[in-house]
Number of protein chains: 2
Amino acid sequence: MGFEYRDGVETRELRYFVAVAEELHFGRAAQRLGIAQPPLSRAIRQLERRLGAALLERTSRTVTLTDAGSVLLREGRAALDAVEAAERRARRAALAATGHAGVVLAAKAGASSELLAKLLDAYAAEPDAVTVDVLLCGIGEQERLLRDGRADVALLHRPFDTTAGFDTEELRTDGQVAVLPAGHPLTGRTHVQMAEVTALPGLPMPRWPGLDGTYPDGPGPQVREHAQLLQLIALGRACAILPDSCRAQLGGDLAAVPVLDAPTVTTVIAWPPHSRSRAVAGLVQTATRL
Amino acid sequence: MGFEYRDGVETRELRYFVAVAEELHFGRAAQRLGIAQPPLSRAIRQLERRLGAALLERTSRTVTLTDAGSVLLREGRAALDAVEAAERRARRAALAATGHAGVVLAAKAGASSELLAKLLDAYAAEPDAVTVDVLLCGIGEQERLLRDGRADVALLHRPFDTTAGFDTEELRTDGQVAVLPAGHPLTGRTHVQMAEVTALPGLPMPRWPGLDGTYPDGPGPQVREHAQLLQLIALGRACAILPDSCRAQLGGDLAAVPVLDAPTVTTVIAWPPHSRSRAVAGLVQTATRL
DNA sequence: GGGATCGATACCCGTGCGGTATCGCTGCCC
DNA sequence: GGGCAGCGATACCGCACGGGTATCGATCCC
C-alpha cells in the first residue's frame, strides 16, 4: 500500500487540473473539457496522490486552491504553453522544409503601426527575407502568443507589457501625450501634467479588459480596441494618455498634448530565448537598424 | 480516413521522442525508457501522424533527425523541463505549507566561494530568512536546475553561462588572471596579454566537458573540477585564465597575473522569471546589497 | 550468400480512461 | 425543520490503447 508512482505528470492531467483550478467547479470544468465529472474527480485525486500534495480544498459546496494548487496552476499553465509551443514549432518547421517558410510577428492591434510598417518594408528588402505573417492581437496577448508558439517574435511596450523570460532589443522610446477631443480647453496648452488629465470632469480614462477578459470597476467607458477608443474621445466621452507615436493616427477631430510627467514608453522587439530561427534573427537585426 | 487528433501531445510521447532523438537508435532508447522496442516505434509513428510531420528519417540501419525533429527535440526538452518544474515546485509548495520552507540555490562547485559565503551569512541575518539549501553543481548545470525546478535561484557567470530566459541581477564583475605554476617566468610580470598565455609551450589550456559530458578535441588535459585544475597547474601540466576572485583559493604553489585583454566576468544571481517566492526575492535583495 | 542488426508489423493481453447510475453531504428556502 | 437542489465522491462497466512476445523484411558486413 502507499505506492509512489515515479513517472512524470501527463499533460492531460495538467489540462484537467488547470480547468478545475480556473473554474473552481468540477462540473463546469468537466463540461469545458468535454468529459463527464466523475473521471475528472478521479484524475485530480490521482494527480494529488502522485504529487503527494493536496491541490484543492473541497467541501460539497465550494472548491478553493491550496498554496500548492496555486503554484501548480501558474507553473502548469507555463508547462502547457511550452508543450503547445513544441508542438506548433515542430509543425511549422515541417512546413518550412516543404518550401513554405515564414515568421509570425505579434503586435498589439492599433499600436506602433508606422514602426511596424517601416520594419516590414525594411525587412522585405533584405536579401534572405521570408514571409512575415502579422498577428494583430489584444492588449498583453503577445506574451502568451510567444510562449505557446503561435508567434515567433513580437513587438512589446514597456512598462505595459512584461518582457520577463524573453530576449529583447529596444527599438525606440516615446513620451506620452494626452489625446483629447479637438477644441477641448487643454488643447491650447503646450504641455500638461498627469493629474490634470486623469481628473477631467466628464472625460474619464477608459477601462481596458484584463487578461481574463473582464473589466476592472471604475467610471470610464469599457474599450477593447484602439479605434474604438479614438472614436469615444472624438465623441467627447473619454480621454486617454497614449504614446507619442499615436499622433500619426489622429484625425482632425482629435488633439494631442504632451504629458510631461507620464512614464516614457519603450517599444521592444522580443523573441523566445532559445530561438534558432534565421528569419527571427534577421527581423531583429533589421529592426535595430531602423 | 485521415483523422486529425485534435488534443495535445502527452508528455509520455515527448519523453519517448527525446529518448529516440538523443540515442538515434530505437533499441537503446527503448532500453533506456524501460519498455520494449515495438511500442516505442508505434508511439513515435503516432506522434508523427498527430503532428502531421516526419520527425525521424529511418533506414533499417540508421536513424537521423529531420528539421522538424531537431526543433521538437529542443522545444520538447524545454517543455519536459517545464512540466517537471511544475511538478517539483507544487510538491515543494506543499512542503512549505507544512512548516518546512526553504530555497535551493545552485552554484558552480568551486566558484565564487567567498561571495557565496558572504551571501549566505548576510541572508541568514535577515529577519524573515528561511533555510537555504546550496546545490553545488558542474559547469553550466545551473540553468537546467533552474529550468526544471530543482533550484529556485542560481549564481551564474557571464559570459560563460547563458542567462537567456531568466531574470537576473548583477552582483560583481571581475577581471581575469592567468593562473600559473609558482616560479614560471611570466610570474614576475605585472600583467600579460591573452595571446601570451594561450600559446605557452608545455602549458596548454585545459578542456572542460560540454553539456553532453564529452570533451572537445585539443591538446590540453581533460578537467572536470576546479580543484583538479588547480592541482594540474601546480604540477606544471596546464595553465588557465580564471576570474580574479579565484585568487583567494590559490596556495603558495600557484601564482596569478592579470590578463589585460581577457573579457571581464560578471557574477549574476538569476531566478525563473515568474517566481513569486518571497524567499527568492529576499535572497536577491540581500545579494544586491552586498 | 549467410548471419547479424535493427526497425516495422501482427497479434494478444491487461490497465486505465471515460461513461452512466447513484450516493452523501451541504446550504437554502418555504 | 424537512424537503429540495446542487455538487463532489463512489461504484461499476466497457472499450480503447499502451505494452508485451513473436516474427518479418531490409540492409550492412564478412
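Hydrogens, waters and symmetry mates are skipped; everything else that's a heavy atom, side chains included, is used. Letters go in sequence order (proteins before strands), and every chain restarts at 1.
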Undergrad: Are B/Arg32 and B/Glu22 ion-paired here, with the side-chain N under 4.0 Å from a carboxylate O?
TA: yes

Undergrad: Counting only side-chain heavy atoms from C-beta out, which of D/dG19, D/dG8, D/dG18 sits nearest to B/Pro39?
TA: D/dG19

Undergrad: Over how many whole Å does the gap from B/Ile35 atom CD1 to D/dC17 atom P extend?
TA: 17 Å

Undergrad: Could you tell me whether A/Arg50 and A/Glu13 make a salt bridge, using a distance below 4.0 angstrom between a side-chain N and a carboxylate O?
TA: yes

Undergrad: Is it true that a side-chain atom of A/Glu23 and a backbone atom of A/Ala29 form a donor plus acceptor pair closer than 3.5 Å?
TA: no

Undergrad: Is B/Arg12 near enough to D/dG19 that one of its side-chain N or O atoms lies under 4.0 angstrom from OP1 or OP2?
TA: yes

Undergrad: Rounded to the nearest angstrom, tell me the gap between atom CD in A/Glu23 and atom C1' in D/dG6.
TA: 16 Å

Undergrad: Evaluate B/Leu155 against B/Lys108 for side chain to side chain contact (heavy atoms under 4.5 Å, CB included), listing each step before the verdict.
TA: CA-CA 8 Å; B/Leu155 293 181; B/Lys108 268 195 273 281; over 6 Å; no

Undergrad: For A/Arg42, answer base if it contacts any base atom (sugar-phosphate contacts may also be present), sugar-phosphate if it contacts only those atoms, and nothing otherwise; contact means non-hydrogen atoms under 4.0 Å.
TA: base

Undergrad: Taking side chain to side chain contact (heavy atoms under 4.5 Å, CB included) as the definition, give me every residue that meets it alongside A/Gln37, ordered by chain and number, with sequence neighbours left out.
TA: A/Phe26, A/Ala30, A/Ser41

Undergrad: Write down the distance between CG (B/Leu47) and C1' (D/dG18), rounded to a whole number of angstrom.
TA: 15 Å

Undergrad: Expressed in angstrom and rounded to an integer, what is the separation of A/Leu40 atom CG from C/dG16 atom C1'?
TA: 16 Å

Undergrad: On the nucleotide D/dG18, are OP1 or OP2 found under 4.0 Å from the side-chain N or O atoms that B/Gln46 carries?
TA: yes

Undergrad: Measure all distances between protein nitrogen or oxygen atoms and nitrogen or oxygen atoms of nucleotides 27-30 of chain C, and list the pairs falling under 3.5 Å.
TA:
none

Undergrad: Using five base pairs at each end, measure the axis-to-axis angle across the helix from C/dG1-D/dC30 to C/dC30-D/dG1 and round it to 10 degrees.
TA: 20°

Undergrad: Go through D/dG8, C/dC6, C/dA8 for me and flag the one nearest to the A/Arg58 side chain.
TA: D/dG8

Undergrad: Atom CD of A/Gln37 to atom C1' of C/dC25: distance rounded to whole Å?
TA: 14 Å

Undergrad: Among C/dG18, D/dG18, C/dG7, find the nucleotide with the atom closest to the side chain of A/Tyr16.
TA: C/dG18

Undergrad: Calculate the interatomic distance between A/Glu10 atom CD and C/dC17 atom P; express it in whole Å.
TA: 10 Å

Undergrad: Output the single nucleotide from D/dG18, C/dG7, D/dT21 whose closest atom is nearest the side chain of B/Pro38.
TA: D/dT21

Undergrad: Measuring from A/Arg58:CZ to A/Ile44:CD1, what's the distance to the nearest 0.5 Å?
TA: 7.5 Å

Undergrad: Is B/Arg92 salt-bridged to B/Asp152, cutoff N-O under 4.0 Å?
TA: yes

Undergrad: Of all the choices, C/dG18, C/dC6, D/dT10, which nucleotide is nearest to the side chain of A/Arg45 once you look at every atom?
TA: D/dT10

Undergrad: Between A/Glu75 and B/Arg91, does any side-chain N to carboxylate O distance fall below 4.0 Å?
TA: no

Undergrad: Send over the distance from A/Ile44 CD1 to C/dG18 C1', rounded to a whole Å.
TA: 15 Å

Undergrad: As a test of reading the structure: which of D/dG20, C/dC17, C/dA8 is closest to the side chain of B/Ala36, going by heavy atoms?
TA: D/dG20

Undergrad: Do NZ/NE/NH1/NH2 and the carboxylate oxygens of A/Arg15 and B/Glu10 come within less than 4.0 Å?
TA: yes

Undergrad: To the nearest Å, give me how far apart CZ (A/Arg49) and P (D/dA9) are.
TA: 14 Å

Undergrad: Counting only side-chain N and O atoms of B/Ser41, is one of them less than 4.0 Å from OP1 or OP2 of C/dA8?
TA: yes

Undergrad: Looking at A/Val20, A/Leu72, A/Thr66, which one forms a side chain to side chain contact (heavy atoms under 4.5 Å, CB included) with A/Leu56?
TA: A/Val20

